[in-house]
**Q** 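Pasting a structure here, questions to come.
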Amino acid sequence: MTSSGTTSPSAPEGDDARPTWNAAWELLLPAAAAPARQRGRMLQSAFREAVRSGRLAAGTRLPSSRELAADLGVSRGLVTEAYEQLTAEGYLRSDRGSGTWVGGAARAADAPRARDLAPRDPGALVDFLPGTPDLSLFPRAAWAAAHRAVLERLPHRSLGYPDPRGLPELRTALAALLARRRGVVADPERIVVCSGVAQATTLLGFALGERGERTVGVEDPGSPEHTALFAATGVRTRLLPLDEEGLAMGPLYASGVRVAVTTPAHQFPSGIAYSARRRAELLDWARAVDGLVVEDDYDGDFRYDRAPVGALQGLDPEHVAYTGSVSKSLAPGLRLGWLLAPERLTGSIVTRKRTMDLGNPALDQALLADFLTGGAYDRQLRRCQRAYRDRRDALVGALHEHVPGAEVSGIAAGLHIIARLPERYGPEPRLLEHAAHARVAVRPLSYYSSRGTEAGDGVSLVLGYAHLTPSDIARGVRLLAGAVRARGA
Ligand SMILES: Cc1ncc(COP(=O)(O)O)c(C=O)c1O
């Protein structure tokens, strides 16, 4: 197909839910192939039928008469005539400069629109949603430059189906990055590029299920995502309690599970870093039960005022499966991450990745490889690190100022902190009511814990700050404290 078939026609005034006209394309072909005398009439009735049946939806922009004539192999005059006739009949509209489109005035109302079911903020003035980077820091200019550079140099063959593990240049670059920044023992042959930690977890779930693992242990409190993702692979989760050093060892041994899913660099959500002793104990456990520690390094890139804690995987690559992504460092919408599993699991993970989606999009992978090798990724991390440290400081400062007596923890790394509020702020349901009234969205720690609402009057909040400006952070804390005061806590 020539130009018109490959363009993405749009409504003249630009619409997010733009219909394309490709669905109607084949309806026109019989008319184009008809004997010359009937061709014009048939073309017009095929157009009418396409509009009536909805195959050509209201708002769809049509190719220029020259393009369509070339695509259909008919004379331009025939197409111009069809456009004019259908416009006269009201099926089409045209404007000088905007071209021709279907449906005219009814366009906006009639055009089928795709709904957006992406997670949304709940309409709050300030939303302390944890785990969200600042999307306005996405390095658009550098990404666009990399895009152009990659398109110019990428050989045609790289646009074919990729190695399901990922493009070799990306796996090589990731191996270097993970070794350098996180102390990961990274063999590029074993890295699997995937759609974020989420897909890495799913791949692991299937691979473990194939080996007969029916239940894996997860941290409690922990990320509800882990349970949901394993459940989707038919693997159950057992909640395992934490102590102040990380996953508590006694309950882990007693549980009988042979796989434990952990967030050792900055436990989600409590924010603790696993102690050196607990890291060693965890690996001893994995060796003793011939098991596996899954290391979700979801925000391991961001550390502020504590010594770097390398990845657990670096200490025992045959007993740790390491996962990470660009969701916190670049943007979650890129859906790009990686999985590095012990050799015994890699084969079935790669097979599963292939049957799931034949590999991640090649262009995105080439772009990330360019970003990593050219230094843009490190620059981005430094930039975010500075911004997020300032925001963390702003949050801690605002809490001290407006909520005297609040105790903060988990502040040395990551994109969120835990704030334990003084008793007068509790009990939890009342605090949440006050917050909702002030239109400040907060999540209690209990939301991530099987123990539920804290006993007594205590209440701890998981406060994400990375996506908020320092002034929004201060405003949110002020509003929350003000609402509690005003409503007579
Ligand atoms: C602890 C934790 N792990 C993993 C994920 C999913 O990350 P990804 O976007 O890399 O799939 C999240 C999502 O926020 C998370 O909170």
Side-chain angles (χ1 to χ4, degrees), residues 118-121 127-135 138 166 170 174 177-178 182 191-205 216-233 237 239-240 242 246-247 260-274 293-302 311-313 320-340 349 353 356-357 360-361 364-365 368 377 381 384 388 410 413-418 441 443 445 447-449 462-467:
R120 286 248 168 271
D121 68 56
D127 184 358
F128 287 101
L129 181 69
T132 324
D134 184 343
L135 301 178
F138 184 79
L170 178 56
L174 279 173
L177 173 89
L178 297 175
R182 307 294 299 123
I191 290 180
V192 177
V193 175
C194 55
S195 304
V197 170
Q199 192 184 43
T201 307
T202 308
L203 290 167
L204 270 171
V216 302
V218 294
E219 297 169 325
D220 180 19
S223 168
E225 290 295 336
H226 290 148
T227 296
L229 292 165
F230 277 108
T233 69
T237 44
L239 299 177
L240 297 170
L242 303 176
L247 211 51
V261 184
T262 63
T263 47
H266 185 241
Q267 200 275 331
F268 187 87
S270 76
I272 60 169
Y274 276 41
V293 178
V294 178
E295 178 172 25
D296 175 353
D297 202 19
Y298 70 104
D299 68 359
D301 280 316
F302 298 111
L312 207 56
Q313 191 269 5
V320 180
Y322 177 84
T323 76
S325 75
V326 301
S327 291
K328 312 294 188 237
S329 52
L330 287 171
L334 293 182
R335 305 311 304 134
L336 264 173
W338 43 87
L339 169 59
L340 191 49
I349 286 170
K353 173 67 180 163
M356 252 183 195
D357 55 19
N360 272 52
D364 293 351
Q365 295 190 57
L368 182 59
Y377 191 75
L381 287 180
C384 291
Y388 297 163
L415 312 182
H416 71 271
I417 67 166
I418 300 290
R443 284 117 197 118
L445 183 58
Y447 175 77
Y448 302 94
S449 161
V462 184
L463 299 175
Y465 53 80
H467 60 300

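Both counts, for ligands and for their atoms, begin at 1 and track the order of listing. These values consider heavy atoms only, across backbone and side chains, with no hydrogens, waters or symmetry-generated copies.
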**Q** How about CZ on Phe138, more than 12 heavy atoms from neighbouring residues, nucleotides or ligands closer than 6.0 Å, or not?
**A**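 Yes.
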**Q** Taking Arg443 for its side chain and Val462 for its backbone only, find out whether a donor-acceptor pair lies under 3.5 Å.
**A**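 No, because the side chain of Arg443 does not come within donor-acceptor range (under 3.5 Å) of the backbone of Val462.
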**Q** Check the orientation of Phe268 and Tyr298. Use parallel for under 30°, tilted for 30 to 60°, and perpendicular for over 60°.
**A** perpendicular
**Q** Could you please provide the protein residues found below 4.0 Å of ligand 1 on a heavy-atom basis, arranged by chain and number?
**A** Gly196, Val197, Ala198, Ser223, Phe268, Asp296, Tyr298, Ser325, Ser327, Lys328, Arg335
**Q** For Tyr448 and Asp220, which heavy atoms make the closest approach, and how far apart are they?
**A** O-OD1, 4.0 Å
**Q** For the residue pair Gln199 and Asp357, confirm or rule out a side-chain donor-acceptor distance under 3.5 Å.
**A** yes
**Q** Donor-acceptor pair, Glu225 side chain versus Ala198 backbone, under 3.5 Å?
**A**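 No.
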